[in-house]
There are 2 protein chains.
Amino acid sequence: MEKLKKYISVKDEDHFYHQGAVELLIFNFLLILTILTIWLFKNHRFRFLHETGGAMLYGLVMGLIIRYVTKSPDVESGTVYECEKLKSGPSTLLINITNQVYEYQYKREISNHNVNGHQGNAMLQKMTFDPSIFFNILLPPIIFHAGYSLKKRHFFRNLGSILTYAFLGTAISCIVIGLIMYGFVKAMVHIGQLEQWEFHFTDCLFFGSLMSATDPVTVLAIFHELNVDTDLYTLLFGESVLNDAVAIVLTHSISIYSPKENPNAFDAAAFFQSVGNFLGIFAGSFAMGSSYAVVTALISFMHLTKFTKLCEFPMLETGLFFLLSWSAFLSAEAAGLTGIVAVLFCGVTQAHYTYNNLSPDSRMRTKQLFEFMNFLAENVIFCYMGLALFTFQNHIFNPLFIFGALVAVFVARASNIYPLSFLLNLGRKQKIPRTFQHMMMFSGLRGAIAFALAIRDTGSQPKQMMFTTALLMVFFTVWVFGGGTTPMLTWLQIRSVLVGVDPDEDLKARAASQSAPNLDKNTTKAESAWLFRIWYGFDHKYLKPLLTHAGPPLTSTLPEWCNPVARLLTSPRAYGDQLKDGDTDYIINNDELTKNYESSAPIPVPAQDSTASTQATGKEDIQEGDLGLGGYKLQLQHTAGQPQKNSLA
Amino acid sequence: MEKLKKYISVKDEDHFYHQGAVELLIFNFLLILTILTIWLFKNHRFRFLHETGGAMLYGLVMGLIIRYVTKSPDVESGTVYECEKLKSGPSTLLINITNQVYEYQYKREISNHNVNGHQGNAMLQKMTFDPSIFFNILLPPIIFHAGYSLKKRHFFRNLGSILTYAFLGTAISCIVIGLIMYGFVKAMVHIGQLEQWEFHFTDCLFFGSLMSATDPVTVLAIFHELNVDTDLYTLLFGESVLNDAVAIVLTHSISIYSPKENPNAFDAAAFFQSVGNFLGIFAGSFAMGSSYAVVTALISFMHLTKFTKLCEFPMLETGLFFLLSWSAFLSAEAAGLTGIVAVLFCGVTQAHYTYNNLSPDSRMRTKQLFEFMNFLAENVIFCYMGLALFTFQNHIFNPLFIFGALVAVFVARASNIYPLSFLLNLGRKQKIPRTFQHMMMFSGLRGAIAFALAIRDTGSQPKQMMFTTALLMVFFTVWVFGGGTTPMLTWLQIRSVLVGVDPDEDLKARAASQSAPNLDKNTTKAESAWLFRIWYGFDHKYLKPLLTHAGPPLTSTLPEWCNPVARLLTSPRAYGDQLKDGDTDYIINNDELTKNYESSAPIPVPAQDSTASTQATGKEDIQEGDLGLGGYKLQLQHTAGQPQKNSLA
C-alpha cells in the first residue's frame, strides 16, 4: 500500500512538471533540423531530396529511435481487463482502484488482434497524436493558404480544364484504383494470402478515393523554385487543390454509402444517394466557406458614420480575418460538411473581396502569417508521417496489397491524365502539350491529405492495411518522384518561364504583351467560357462595389430606381471623380489611387515605379468595366508587381 | 446486441466527422465576439471594461449556457465501476466489453467526493482543456513577447528597484498571504466551517505563492493606451514580468518542500533545501533560456565563406527563431526547470543579440508574429477563465476562505509595495513618488499565471478550494481594478507622459534631452549600479561583436595576441571604415547604415526623416564605445523612432 501510494505520487509529479513538453520538444527538434537542412540544401542547390522528403526522413529516424530505445514503463499495460457490468463504452470511465477513483477517457475501439506488447508504451502513445489535431489545426492553414495565394487570372483562364481534371479525373482515378484493388484482393483471397475478412468493393473504392488525393505541396515547391511554365504550374496547382477537395468529399460519401442487403451487390438507390450526398456536401461546404469570407469582407468594409474603420486597428483586423477563416472550416466540420472544401473557397473569396478592404499593414500581416503557418504545418505533417511509420502501433504490411496499390495508382493516374488531356485539347485553343501531360502524370505525388484520410479510421484490419499502404505510397512518391522532378523537367525540356517569382522579368513580359492588348483580350475571351464572362460581369458590377472599395460605384451599375439604396451601399472611395475633391488627403500617392480601382489583387503590391502605367490601365478598366474584362488586365499588372522574394512556396 | 452495435457505430460516425470542431468553434466564436467588442469600445473610448474583462465576461456567459443547456448524453457516466484486478491506475486501460476491446486513457485521479452528476457531461469535459495546453502552448508566446518587447533602456535604469520588488516583494507577499490564510483556516476549523482536512501551513504558503503572481496584461494594456509615465510603466512592467517568474519558481519549490516528520513543524533542512531549489531552478532556467537565444544569435550571425546567410531566407530565419525560442521553454520544462523563466530571458536575449542579425523582413515578421500570438493567446486565456467558472466540475466555494484571500491579497500587496518603496527611495536619486506607489498598489491584478498555477493541480479538496478562490480573485481584480485604472490615474493626477506610442512627441522630448547630453549620461551613470556598468562594458566590447553585427570590431577590443581569432570572429560589417569600400551596395540608405552601428534596437525602425541625426549619434557611439554607455543614447534614439501605431500592447 505504501509502495502504491509512492508510485502514484511519482506519477503525479511527472504530470505536474513536464506533461507534453518532451513530445513537443521532439517535434521542435525535428523541425529545427529540417530547417537547417533546407538551408544547407538551398546553399548547395541540391534538389534531389526536397525539404518535405527531408522532414519525413528525420521523422522516420526519430520514430525508429523512439520505438526501439524507449521502453514501456507500465507493467500492466497490454493486459485486457474484463468489466462485466459495462454494457457499452462510455466516453468517460470512472474506476475505483483500491479506494481511489480514477478517471479514464475513451480513446478508441480496438480489435482484439491489435492488443500487443507495444500498446502501452507511453511514449509511442503520446507521439501518435490525435487525428483531430491533424484535421482541425494543421490542415486548415495549408489549404487556406493555397486558396489565398491562388493566382486567379491563370486559374480562371484554365478553369474548364482544371475542373475536368479535378472532378472527372478524380472520379476516374477512384474507380480505377478501386477496381484494380478489388482484383488484387480477390486474387489474394484466392491464393490464401489474405484471410476472408469483410473486404468489400466499397472498401476498395474507399481506398481508391483516398489515394486519389494528390499533393500540391512538394511538386509546387519545386516548380516555384525552378520557375516552371505558368500554365503548367496553374494546371497542376488548380488540379491538385480542387482534387483534394473532391477526394475528401468522395471519401466521405463512400464511407456513408451503405447498401441495404448484400454489401457486394450494386444498390442503385444507395448509389444515387451517395452521389446526392457528394453534390450536397460539396455545394454546402462551398457555400459555408464563401459566406464566412463574405461576412469578413462586409465587416472590414463597414463604414458607419460614427465608427472608425476596422482597418485602423490592424491587429483586430488580422485577428478577425484569421478567426473567421478558421471558423469557416470548423463550422463546416461541425455541420457534417467538409471543412477543407469550405476553407479552400473561403481563402479564394477572401483574396477576391476582403483583401481589397484590408489596410496595407494587414495585407502584409495576413499574407505573412498564413505563409508562416503553412510552412510550419507542412513540415510538421511530413515529420509526423515519418514518425508514424514506427510509432503507429497497428501496421499491417501486406506486400501484395502494397504492390497492387502501386500498380493501381499508376494506371489510375495515366487513365486520368492522358484521356482527359486528349478530350480537353479538342476544345482548347491553346493545347496542353505532350510534355506537360507527361509532367502531370509524373507529378501525381501523394501526401498529407491521403495520409490524413487514411489515419482518420484505423479501427478494423482492412483499414489498418490501407493506412500502412497509403503511408508507404506517400514515402515512395515523395522520395522518388519528388526527387525526380528536376531531372524530369530537364529531360522533357519544359521551358522555364517564370511563375511570378521575379517581378522584373515578369514586368517585361507583361509590357510586351501589353503592346498588343487586343491579342490578350481575345485569347482571354476565347478561353474563358460564357458562363464565367457573365459571372465576371456580375461580380464586377455588383459584388465588388458592394463588398469592397473597388469597381464602379453601384449608382452607375444598378437601375435608376435603386439609386437611394445604391448610394447608401457604395463606398465613397468608389466614386472615381469624387476622389479629387474630398478624399485627396486620404490618398497619398498614385499607388494608393490605383488600389481603389483595382479589380483584384491577390498579392500585396509594394510601392513600385511601375505605378504610373498601372494607373492608366486602372482608368481604362473603369471605362470598359461593363464588359468585366478590364479586371484581367489590371490583375495581370498586379501579378507582375508582386514582391514574392521569399524563397518558399 | 444489434442495438449496441448501432450505438457504437453512430458514436464512431460522430468521432469521424466533427471531433473537436465544435469546441474549437465555440472558442473562435467567443474570440470573434471579443474582437468586435474591443472594436466597439475603441470607438467609444470606453475604458471601464477592458478587453480582457470582456473576454472573461463572454466566457462566463458561454460557460453558463454550456453547463445548463447541454445535457449529459451518456447514461452510464457518473457511475463508478469496481475493478478488483487492477492494483494501480495504468496510463492506458484496455477493457473488454461484450467482446469488443476499448482503449481508455488515464486522465486524472479524482476524490470520491467529486463524483457527481456532471462528471460525465461530454461537452463540459471537452471544454475544460488540459492544463498542459495552457502551459506549453498558450503561455509561452505571451511571456516571450513580454521579454522581446521589453524596453531595455528604462528597464536597466530601474533594474535595482525592479529586482527588489520582484524577488523581495514576491517573497513578502507569499509569506503574508500564507500567514493570513493560515489564520483564516485555523479560525474556520475552530468554528466548524471547515472540516479538519490536511490543510497545512505549506498549503497556505502554496496558495500565497500562486496568488503573488501579478498580471502584466490588463494594466499595461491600459497604460499603453493612455500613455502613462514611462518610469511607472517600466517599474510595473518589469515588476510583474519578473514577479511571475519568481512566483512560479516559488510555487514549484514549495510544492517540492516536504518536511520529514510533522508537516506543520518547521524543518530547517527541508527549508534550506527549498531555498536551494529555488535558486537552482531560477539560475538553471535563466541559463537555459539565454543559451537558446545565444544559439539563435550565432546561427543567424554565421558567415561561412561558401554559405549564403540565413537572413537571405526570411521564412527559414523566422521559423528557426520561433522554434528555438519555443524550444527554450520546452527544454526547461522537460529538464524539470521553469519554462516561463527560460522563455522570458530567452526573449530578452533574443531582442538584445539576435534581433540585430535578422533581416529587416524577419524583424518585422517576428515582431508581428509574436504580437499576434500574444494577442490571441491572451484572449483565449481570459475567455477560458470565464468558461472555467461554470465548466470546471469540482469547484468548492467557501465564502470565508474567499473573503480571507481578498483580505490577504490586499494586505500582502500593501506590505510589499509601501515598505519596499520606502527602502528603495533611500537609495534612489529619482524617488518613486507617493502617487506611483498608490498606483502600483492598485495595479496588483491577478491573471493568467495565478490561474494557470492553480489549475495545474486540482486533485485534492484544498487544492480545489484554492483554485476556485484564485479564479474568483482573478474575476474580481480584473473587473474592479482593471475597470478602475483610468479613474484612478486621473484621481492620482499621474502625468500622461508617453510610453513610446507617439514617435513625434517622443522625438521632440528626446531632442530636448539630447541638447544636454551630460545630464542624461550622468543620471544613467548614477542610477545603474557599478555591476551593470561592468556588464555593459563587457557586453559591448565582447559579446555584441561576437554575436551580432554591431559594436566595435573584436580586433580593437581584444588584446593583440588574439588578433587572428578576433579577425575570424568579427563580422566584416563591424569594421566601420570598411563600410564605404566593399559593402556599399548592400547598404542602401542612411537608415541601413545606422542599423549596423546600433547597439540595440528592440523595435523595428521604419525609414524616418530623423535618420541623419541618428546616424551621427551612431558614430559617436563607436568612439565612446569603451565606456559602454553610448548604447543608451542610441537606443533612446531608436525607441524614439518606433512605429508602434498598433493600438494593442
Side-chain angles (χ1 to χ4, degrees), chain A residues 4 7 17-22 24-25 28 31-32 35 39 43 74 76-77 80-83 85-86 88-97 101-105 107-110 112 120 122 132 136 307-308 313-316 319-320 323 326-327 330 333-334 336 365 368 375 646-648, chain B residues 4 7 17-22 24-25 28 31-32 35 39 43 74 76-77 80-83 85-86 88-97 101-105 107-110 112 120 122 132 136 307-308 313-316 319-320 323 326-327 330 333-334 336 365 368 375 646-648:
Chain A
L4 178 73
Y7 171 75
Y17 294 121
H18 46 86
Q19 202 178 26
V22 180
L24 283 171
L25 192 60
N28 267 15
L31 289 177
I32 291 169
I35 288 181
W39 183 28
N43 270 294
D74 273 331
E76 305 187 37
S77 58
V80 181
Y81 296 94
E82 304 277 335
C83 258
K85 285 168 207 153
L86 276 165
S88 70
S91 67
T92 311
L93 193 65
L94 301 177
I95 287 196
N96 190 348
I97 302 163
V101 180
Y102 292 91
E103 187 179 332
Y104 280 86
Q105 203 160 25
K107 210 180 159 203
R108 59 192 178 126
E109 183 185 324
I110 36 174
N112 275 311
S132 74
N136 295 331
F307 257 61
T308 354
F313 313 106
M315 180 67 86
L316 298 185
L320 207 63
L323 290 170
W326 195 14
S327 295
L330 295 171
E333 286 288 305
R365 272 171 193 251
Q368 289 185 347
F375 173 72
N646 51 308
S647 31
L648 287 159
Chain B
L4 178 73
Y7 171 77
Y17 294 119
H18 46 85
Q19 202 176 27
V22 179
L24 284 171
L25 191 61
N28 268 15
L31 290 177
I32 291 169
I35 289 182
W39 183 27
N43 270 293
D74 274 329
E76 305 189 33
S77 57
V80 181
Y81 296 93
E82 304 277 336
C83 260
K85 284 166 206 157
L86 277 165
S88 71
S91 67
T92 311
L93 194 63
L94 301 177
I95 286 197
N96 189 349
I97 302 162
V101 180
Y102 292 90
E103 188 179 331
Y104 280 85
Q105 204 161 23
K107 210 180 158 200
R108 58 189 180 128
E109 182 184 326
I110 37 176
N112 275 312
S132 73
N136 295 330
F307 258 59
T308 355
F313 313 105
M315 178 68 84
L316 298 185
L320 207 63
L323 290 170
W326 195 15
S327 295
L330 295 171
E333 286 287 305
R365 273 170 192 254
Q368 288 185 349
F375 173 72
N646 52 308
S647 30
L648 286 159

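So you know, we letter chains A, B, ... as the sequences are listed, proteins then strands, and number each from 1. Everything quoted here is computed from the prediction, not taken from an experiment. Computation of the quantities below employed the complete heavy-atom set of this structure, encompassing side-chain atoms and omitting hydrogens, waters and symmetry-equivalent molecules.
- Listed here is the closest heavy atom pair of A334(B) and A21(A): N-CB, 4.2 Å.
- Considering L31(B), N28(B), L24(B) as possible partners of S327(A), the one that fulfils the side-chain contact (heavy atoms from CB on, under 4.5 Å) test is N28(B).
- Contact record, L316(B) with F375(A): CD2-CZ, 3.7 Å, taken as the closest heavy-atom pair.
- Expressed to the nearest 0.5 Å, how far CD1 of I35(B) lies from CZ of F313(A) amounts to 12.5 Å.
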